[in-house]
Number of protein chains: 2
Amino acid sequence: MVTETTDFELARFLPYRMTVAAERLSAGMAKRYSDEFGISVAEWRILVHVADSDAVSIREIHQRVHLEKSKASRAASRLEAAGYLSKQVNDQDRRLISLTLTEKGRELMDRLLPVARDFQARLDALLAPYNDALDSALEIMMEGDL
Amino acid sequence: MVTETTDFELARFLPYRMTVAAERLSAGMAKRYSDEFGISVAEWRILVHVADSDAVSIREIHQRVHLEKSKASRAASRLEAAGYLSKQVNDQDRRLISLTLTEKGRELMDRLLPVARDFQARLDALLAPYNDALDSALEIMMEGDL
DNA sequence: TTGACATCGTTGCAAGTGCAACAAATAGTC
DNA sequence: GACTATTTGTTGCACTTGCAACGATGTCAA
């Protein structure tokens, strides 16, 4: 019986390590706001994108922040229901939707963005010696030909 | 009206980048086998763990490969239903379950493990200049005090 | 032994997910 | 203009997920 040697270490398998690390970072971020504001990751991404380029369509979100379009659609609906976002049809192209922050949404971002910046600063400090290499590695993982 | 400056770039936010990169790596791996074998990430983790230390409990999987215990439980049930795994109660402690690879499961791993090793080798090559730094950074992200 | 407590794996439930199908709107071609 | 093809956002569906609750089993002290 010729069986594969089974000495494969999941702990050294990059897809695994990346997933675990990413989950930990997201949890670290969520911990800093989730109790206060009930925002999911998908909702957070939409909010950020709408915040700095208002009148955004679902399609744009889908393309720019790596969200399935149905996921983007439903997250946007939740945000609208919660009063953070306003949806209206685009007059130039009535297939499109314009997402805009409401006043309440703007207030939310006024409190959320500093938290995100602080967290990013904390990570930058923690990872200081490796930041450049990490940047390059991430670039390859996100864009490279795997 | 004093509004937060909204110049926050999601594309530079590490939790976001890590998540996207991790998803891409997992997709890259899945692409190399998913058509052939219908294995999910959770199932893959369990298989690897059972493969190199047989007679594993759900609790052990939960602790060692970062899976929710209900997720581990259900993934293990699926693997059992598919004939890759065998479940039996531990006689020393009848709360525990012993998961073991079936012959079919061993054959699956004989084909899956080389794929994983190849993929890891490809990633190592692609990331060669940054591997050490990436290792250190991942260590911090997974264990550090965020 | 008995009773209180802890641990393990499973399951009910509500919510979220991915995919394909869909209607509405637009673009392109003749 | 009329016809076809494409694009956009939503939704139906089956499946997955996370959490809490549960029964079964084990532990420990009195």
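Order of the sequence lines sets the chain letters (A, B, ...), proteins ahead of strands, with each chain counted from 1.
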message = Among residues at least two apart in sequence or on other chains, which ones pass side-chain contact (heavy atoms from CB on, under 4.5 Å) with A:L138?
response =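 If we apply the side-chain contact (heavy atoms from CB on, under 4.5 Å) test to A:L138, skipping adjacent residues, the hits are A:M18, A:L134, A:M141, B:L14, B:R17, B:M18, B:A21.
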
ask   = Do B:R59 side-chain and D:dG26 base share a donor-acceptor contact under 3.5 Å?
value =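 Counting by modelled atom types and ignoring angles, no donor-acceptor contact under 3.5 Å is found here.
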
query = With a 4.0 Å cut-off, would you call A:E107 and A:K104 a salt bridge?
reply =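 Answer for the salt bridge query: no.
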
request  = Please check the phosphate of C:dG18 (OP1 and OP2 only) for any side-chain N or O of A:S70 closer than 4.0 Å.
outcome  =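 Answer is no, no contact under 4.0 Å.
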
ask   = Roughly, in whole Å, what's the span from NZ in B:K69 to P in D:dA21?
value =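 Rounded to whole Å, this separation is 13 Å.
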
Interatomic distance where NE2 belongs to B:H66 and P belongs to D:dT17 [whole Å] =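 Going from NE2 in B:H66 over to P in D:dT17 covers 17 Å.
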
task = Select from A:A42 and A:R95 the residue whose nearest nucleotide in DNA chain C is closer to the 5' end of that strand.
result =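 Looking at DNA chain C, the more 5' nearest nucleotide goes with A:A42.
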
Nearest-nucleotide comparison on DNA chain C, the residue closer to the 5′ end among A:R94 and A:K71 =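 With A:R94 and A:K71 compared, the 5'-side residue is A:K71.
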
key: Partners passing side-chain hydrogen bond (donor to acceptor under 3.5 Å, both in side chains) against B:D124 (at least two apart in sequence or in another chain)   =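 Result, side-chain hydrogen bond (donor to acceptor under 3.5 Å, both in side chains) vs B:D124: B:Q120.
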
The side chain of [X] is closest to which nucleotide in this list: [options]?
{"X": "A:L96", "options": "D:dG18, D:dG9, C:dC19", "answer": "D:dG9"}
{"X": "B:R74", "options": "C:dA21, C:dT26, C:dC13", "answer": "C:dC13"}
{"X": "A:S73", "options": "C:dG9, D:dT11, D:dT25", "answer": "D:dT11"}

query = Between atom OG of B:S73 and atom CG of B:L67, what is the distance when rounded to the nearest 0.5 Å?
reply =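 Interatomic distance, B:S73 OG to B:L67 CG, rounded to 0.5 Å: 11.0 Å.
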
Interface with DNA chain D, restricted to residues 76-91 of chain A and to heavy atoms under 4.0 Å =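 Result for residues 76-91 of chain A: A:K87, sorted by number.
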
A:Y16 with B:F37, same ILVMFWY side-chain cluster at under 4.5 Å =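 Same hydrophobic cluster.
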
